[in-house]
Amino acid sequence: MIAEALLHLATLPLTSPSHRRFIRSSVSLWSRARRCRKAWAEHERRSQKAMLEAIADLKQRRTAVVLGSGLLRDVPIKALVEAFDTVVLIDLVHLASVRLSLKARRLGAVRLIERDVSGYDQIEAREPLEPLGFLRQVPYLDFVVSANLLSQIGRGVQRRLAAEAKGRMPDDTAAVLVEAHLRGLSALACRTCLVTDIAYAVIDRTGRTHERSDLLLGISPPAAIDRWRWPVAPLGEESKDYQIVHDVIASRLSPR
């Protein structure tokens with residue numbers, strides 16, 4: 001708990017006031033990732049592999065954007081920096097630990113941007129829904145990856161809606177934003193890669209599934225070029241009697 005508290009305090013002044021409420025969840029993810037590093041290793045390896053394969057035959061490598069860069073455990077940041085002139089990391093929060101790691105590794109061609117890419121604010125303001133429209137303003141954009149972000153958009157919006165007054169936002173807002181993210185990736189002229197969990201299951205020690213849920217809220221995922229299982233909460237993390245396992249896919253949505 002001391003390490004978590006220190007990380008939170010260190011990140012606070014580095015984060016814009018409007019995004020500081022997200023620091024707690026980012027620190028919680030950092031803490032779980034450390035506890036579950038062995039169980040998560042294969043997921044992180046497969047995620048990085050999907051991203052590297054997506055750029056393997058890319059001829060122009062000027063700017064790459066990572067949506068949902070998070071802890072960078074599932075992103076091959078060193079390889080991306082070596083491959084591209086500029087790498088832009090976009091997330092709600094960039095923890096102090098991530099910033100320090102980038103600095104220590106002297107990965108200079110990296111730009112950090114705080115941004116909510118869900119599109120929630122556009123729906124709230126009754127504006128045209130283009131959550132990824134800002135990417136059209138990124139010069140020399142050759143690659144975009146959505147890194148284990150899509151399901152978090154849906155779940156994050158659901159939590160936000162639960163805290164709002166009933167009827168203030170459309171009931172299908174979360175599903176609409178999941179679909180908008182996929183549509184936005186598909187519309188980009190550059191090479192894209194999607195890595196996302198699409199469902200989860202609660203499984204007991206005997207292998208029996210007690211609960212299963214669709215993380216994309218009824219929106220059909222794109223065709224997968226790879227798929228695997230990710231033990232987000234292995235046995236002992238939330239309970240000694242069950243584990244929570246997510247189904248993950250890797251896909252490409254752009255024509256290039």
Side-chain angles (χ1 to χ4, degrees), residues 7 10-11 14-15 19 22-23 25-34 36-117 132 134-135 138-153 185 188 190-197 225-226 228 230 232 248-252 254:
L7 181 55
T11 304
L14 304 174
T15 307
H19 288 163
F22 301 114
I23 295 176
S25 60
S26 295
V27 171
S28 294
L29 178 63
W30 171 84
S31 184
R32 174 172 284 197
R34 294 177 72 198
C36 302
R37 57 186 177 275
K38 289 184 179 179
W40 287 18
E42 179 66 7
H43 163 70
E44 293 166 358
R45 185 189 71 80
R46 297 282 287 270
S47 294
Q48 292 192 24
K49 177 174 176 286
M51 298 173 201
L52 291 174
E53 288 179 347
I55 65 169
D57 64 345
L58 197 59
K59 294 181 179 179
Q60 285 192 307
R61 299 182 176 189
R62 294 166 296 180
T63 300
V65 170
V66 181
L67 302 172
S69 53
L71 305 177
L72 291 179
R73 295 175 63 99
D74 51 0
V75 176
I77 185 62
K78 186 174 184 295
L80 290 179
V81 170
E82 291 173 348
F84 290 86
D85 297 332
T86 303
V87 177
V88 182
L89 306 179
I90 300 179
D91 214 323
L92 289 168
V93 172
H94 299 286
L95 290 175
S97 58
V98 171
R99 295 173 183 270
L100 183 61
S101 175
L102 291 171
K103 187 175 182 179
R105 296 165 72 182
R106 298 182 179 180
L107 301 178
V110 177
R111 183 182 176 193
L112 305 180
I113 294 178
E114 288 180 24
R115 189 181 182 100
D116 180 355
V117 300
L132 302 185
F134 72 96
L135 290 173
V138 178
Y140 310 116
L141 183 60
D142 292 315
F143 180 60
V144 174
V145 57
S146 175
N148 290 296
L149 170 66
L150 184 58
S151 68
Q152 296 306 306
I153 289 176
L185 286 175
L188 293 172
C190 65
R191 176 73 55 84
T192 63
C193 175
L194 170 73
V195 178
T196 183
D197 41 355
I225 57 176
D226 194 9
W228 61 91
W230 173 22
V232 170
V248 185
I249 65 167
S251 180
R252 298 181 198 170
S254 59

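Each residue takes its place number in the sequence, starting with 1. From a predicted model like this one, the values you see are computed outputs, not experimental measurements.
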Participant: With a 4.5 Å cut-off on side-chain heavy atoms, are Thr196 and Ser146 touching?
Facilitator: no
Participant: Ignoring hydrogens and geometry, is there a side-chain-to-backbone donor-acceptor pair from Arg73 to Glu44 under 3.5 Å?
Facilitator: no
Participant: Taking the six-membered ring for Trp, are His43 and Trp228 parallel (under 30°), tilted (30 to 60°) or perpendicular (over 60°)?
Facilitator: tilted
Participant: How long is the span from the OG1 atom in Thr15 to the CG atom in Leu95, to the nearest 0.5 Å?
Facilitator: 7.5 Å
Participant: Hey, does Val144 have a side-chain heavy atom less than 4.5 Å from the side chain of Leu132?
Facilitator: no
Participant: Do His19 side-chain atoms and Val93 backbone N/O form a donor-acceptor pair below 3.5 Å?
Facilitator: no
Participant: Taking atom OG1 of Thr11 and atom CZ of Arg99, what is their separation to the nearest 0.5 Å?
Facilitator: 8.0 Å
Participant: Mind checking whether Ile55 and Leu80 have side chains closer than 4.5 Å, heavy atoms only?
Facilitator: yes
Participant: Can you name the closest pair of heavy atoms from Leu89 and Ser69 and give their distance?
Facilitator: CB-OG, 3.5 Å
Participant: Rounded to the nearest 0.5 Å, how far does NZ of Lys49 lie from CD of Glu42?
Facilitator: 9.5 Å
Participant: Given the rule in the side-chain contact (heavy atoms from CB on, under 4.5 Å) test, do Leu14 and His94 qualify, once you have shown the distances and angles that lead to the verdict?
Facilitator: CA-CA 8 Å; Leu14 304 174; His94 299 286; over 6 Å; no
Participant: Do you know the tightest heavy-atom contact between Leu71 and Ser26?
Facilitator: CD2-O, 4.4 Å
Participant: For Phe134, does the CZ atom have more than 12 heavy-atom neighbours from other residues, nucleotides or ligands under 6.0 Å away?
Facilitator: yes
Participant: side-chain contact (heavy atoms from CB on, under 4.5 Å) for Ile90 and Val88? Distances and angles first, verdict last.
Facilitator: CA-CA 6 Å; Ile90 300 179; Val88 182; 4.0 Å; yes
Participant: Kindly give the heavy-atom pair with the smallest separation between Met51 and Val145, and that separation in Å.
Facilitator: CG-CG2, 3.7 Å
Participant: Among Val75, Val195, Leu52, exactly one meets side-chain contact (heavy atoms from CB on, under 4.5 Å) together with Ser47. Which residue is that?
Facilitator: Val195
Participant: Do the side chain of Arg111 and the main chain of Thr86 share a donor and acceptor less than 3.5 angstrom apart?
Facilitator: no
Participant: Between Ala50 and Cys193, what is the shortest heavy-atom contact and its length?
Facilitator: O-SG, 4.0 Å
Participant: So do Asp91 and Val98 actually touch side chain to side chain, heavy atoms under 4.5 Å?
Facilitator: no
Participant: How close do Arg61 and Ala56 get, counting heavy atoms only, and between which atoms?
Facilitator: NH2-O, 3.3 Å
Participant: Taking the side chain as C-beta and beyond, is there a heavy-atom pair between Ile77 and Leu102 under 4.5 Å?
Facilitator: yes
Participant: Do Thr63 and Asp85 have side chains that approach each other closer than 4.5 Å (heavy atoms only, starting at C-beta)?
Facilitator: no
Participant: As a quick check of understanding, evaluate side-chain contact (heavy atoms from CB on, under 4.5 Å) for Leu107 and Val87, giving each step before the final call.
Facilitator: CA-CA 10 Å; Leu107 301 178; Val87 177; over 6 Å; no
Participant: Let me confirm one number: the CG-CZ distance from Leu185 to Arg252, rounded to the nearest 0.5 Å.
Facilitator: 14.0 Å
Participant: To the nearest 0.5 Å, what is the distance between CG (Leu67) and CG (Asn148)?
Facilitator: 12.0 Å
Participant: Looking at every non-hydrogen atom in both residues, tell me the closest pair between Glu114 and Leu92 and how far apart they are.
Facilitator: CG-O, 3.7 Å
Participant: Check whether more than 12 heavy atoms from other residues, nucleotides or ligands sit under 6.0 Å from atom CZ of Arg37, and answer yes or no.
Facilitator: no
Participant: So Val248 and Arg46, do their side chains get closer than 4.5 Å, heavy atoms only?
Facilitator: no
Participant: About how many Å separate CG of Leu141 and CZ of Phe84, when rounded to the nearest 0.5 Å?
Facilitator: 9.0 Å
Participant: Between Asp142 and Arg62, does any NZ, NE, NH1 or NH2 come within less than 4.0 Å of an OD or OE carboxylate oxygen?
Facilitator: yes
Participant: With a 4.5 Å cut-off on side-chain heavy atoms, are Arg32 and Trp40 touching?
Facilitator: yes
